[in-house]
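What follows is a short report on a single structure.
Numbers restart at 1 for each chain; the letters A, B, ... are given by sequence-line order, proteins then strands. Bear in mind the structure is a predicted one, so any value in this text is a computation, not a measurement.
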Amino acid sequence: MLKNVDLKHLSCFLSAVESSSFSHAALIQDLSQPSLSTRIRQLEQAVGATLFHRHGRGVEPTPAARTLYERINPLVAQLQTALVEASAIDSMYQGEVVVGIVPTVAGRLSVKLAAGARKKMKVRVVESFSGHLQEWLLQGDIDIAVCTAMPRRRGITQTLIRAEPLQLVGPADSGPTRNEVRFRSLQEVPLILGSPQHAIRQILDQTARRLGVTLRVQHEVDNLEAQLRFVRQGLGYAILSEGALTGTPQSNELRMCRIIEPQIQRHLVVATYPKNEAAKPAVKSVAAQIARLLRTGNRNRC
DNA sequence: TTACACCTCGGTATCCGGAA
DNA sequence: TTCCGGATACCGAGGTGTAA
């Protein structure tokens with residue numbers, strides 16, 4: 001019976017009841033008066049009842065129209081709200097989002113992130129160290145940083161994902177025979193560490209100063225792949241976070257020993273800059289997705 | 001893939017009826 | 001009689017379905 005009746009018909013009807021005038025209703029609905037009149041006539045044909053008494057000075061809703069109005073008014077309002085909400089949600093999954101990731105996490109996160117991106121959303125991944133990522137975030141070059149927790153900086157929001165114990169990484173056939181190594185013992189082995197700006201290096205330097213330990217830094221190498229190559233060639237030991245080797249080739253050629261006394265950790269965070277979030281609604285959803293992926297990955301390993 | 005026919009929608013111009 | 005507002009006629013634009 002209600003064939004060919006759509007939201008436009010109902011909106012016109014509601015406006016006509018409220019204004020008691022087709023002309024005023026047409027203005028409200030941004031239509032010409034004849035067009036609105038046609039809509040009302042189609043609705044009357046569909047309902048099978050007269051909804052308005054026409055007279056020389058406007059129209060008057062019939063009892064049938066008043067009953068219909070009471071029933072559909074809240075439904076149309078709900079429907080219009082739902083449409084607005086759906087449109088807002090859709091805009092959250094559009095556009096390009098640039099994510100900066102520290103190398104020790106990039107390997108395990110990048111592919112999952114790209115695979116999980118929505119159709120209308122493009123996720124671009126760049127790799128660098130925590131210090132660089134902080135600067136890029138503030139400059140607006142990237143939208144999200146997945147990095148080691150940084151000192152509080154104005155405007156940056158950090159969400160802690162997890163604490164990752166640091167481990168000594170050496171060739172599988174050498175190094176300490178136990179699965180744990182004391183921090184003080186690190187002064188006895190040649191180390192391959194990142195430059196002093198590197199977040200893990202800063203954690204190590206800070207702990208060493210506190211304990212009065214002098215670290216033997218044999219090579220300063222910022223690139224993760226290069227560090228691992230140095231280690232495989234027996235040039236020294238790297239110190240990396242748990243999970244850093246996940247997904248890297250030849251990880252079975254390497255051996256990891258957890259550092260204890262004290263156990264040192266790096267805190268992995270997802271950092272965003274609220275100004276970027278306001279400009280790109282998609283940033284919030286991607287940041288949430290990253291947090292979910294990293295936390296899930298953590299559970300899987302355990 | 002393109003061209004054509006058909007349909008729907010919304011516009012303007014005009015007519016008509018009723019109230020002041 | 002005048003003015004206001006709804007109804008009707010007609011036209012153009014755009015979308016859709018179908019056949020070549």
Any ion pair linking Glu180(A) and Arg258(A) (charged N to carboxylate O, less than 4.0 Å)? no
Counterpart residues, salt bridge (charged side-chain N to carboxylate O under 4.0 Å, His left out), relative to [X] (two or more places apart):
X         : answer
Arg124(A) : Glu96(A)
Glu44(A)  : Arg54(A)
Glu18(A)  : none

Are Val59(A) and Leu43(A) grouped together when hydrophobic residues (ILVMFWY) are joined by side-chain heavy atoms under 4.5 angstrom apart? yes
Whole-Å distance separating the [atom1] atom of [X] from the [atom2] atom of [N]:
X        : N       : atom1 : atom2 : answer
Glu60(A) : dA19(B) : CD    : C1'   : 14 Å
Arg41(A) : dG10(B) : CZ    : P     : 13 Å
His24(A) : dC4(C)  : NE2   : P     : 11 Å
His53(A) : dA7(C)  : NE2   : P     : 13 Å
Phe52(A) : dG18(B) : CZ    : P     : 19 Å
Arg39(A) : dC9(B)  : CZ    : P     : 6 Å
Phe22(A) : dC16(B) : CZ    : P     : 20 Å

Any non-hydrogen side-chain atom of [X] less than 4.5 Å from a side-chain atom of [Y]?
X         : Y         : value
Gln218(A) : Leu235(A) : no
Leu168(A) : Met256(A) : no
Ser128(A) : Val102(A) : no

Roughly what angle, to 10°, lies between the helix axis at the start of the helix from dT1(B)-dA20(C) to dA20(B)-dT1(C) and the one at its end, five pairs per end? 10°
It should be established whether Arg54(A) places a side-chain nitrogen or oxygen under 4.0 Å from OP1 or OP2 of nucleotide dA7(C). yes
Scan residues 196-205 of chain A for pairs that pass salt bridge (charged side-chain N to carboxylate O under 4.0 Å, His left out), counting only residues two or more places apart or in two chains. Arg201(A)-Asp205(A), Arg201(A)-Glu220(A)
Write down the protein N/O and nucleotide N/O pairs, taken from nucleotides 11-13 of chain B, whose separation is under 3.5 Å; answer none if there are no such pairs.
{"from": "dG11(B)", "atom 1": "OP2", "to": "Ser32(A)", "atom 2": "N", "distance (Å)": "2.7"}
{"from": "dG11(B)", "atom 1": "OP2", "to": "Ser32(A)", "atom 2": "OG", "distance (Å)": "3.0"}
{"from": "dG11(B)", "atom 1": "OP2", "to": "Ser35(A)", "atom 2": "OG", "distance (Å)": "3.2"}

Quick check for you: among dC9(B), dG6(C), dT8(C), whose closest atom lies nearest to any side-chain atom of Ser21(A)? dG6(C)
Quick one: label Thr38(A) by what it contacts on the DNA or RNA (base, sugar-phosphate, nothing), any heavy atom closer than 4.0 Å. nothing
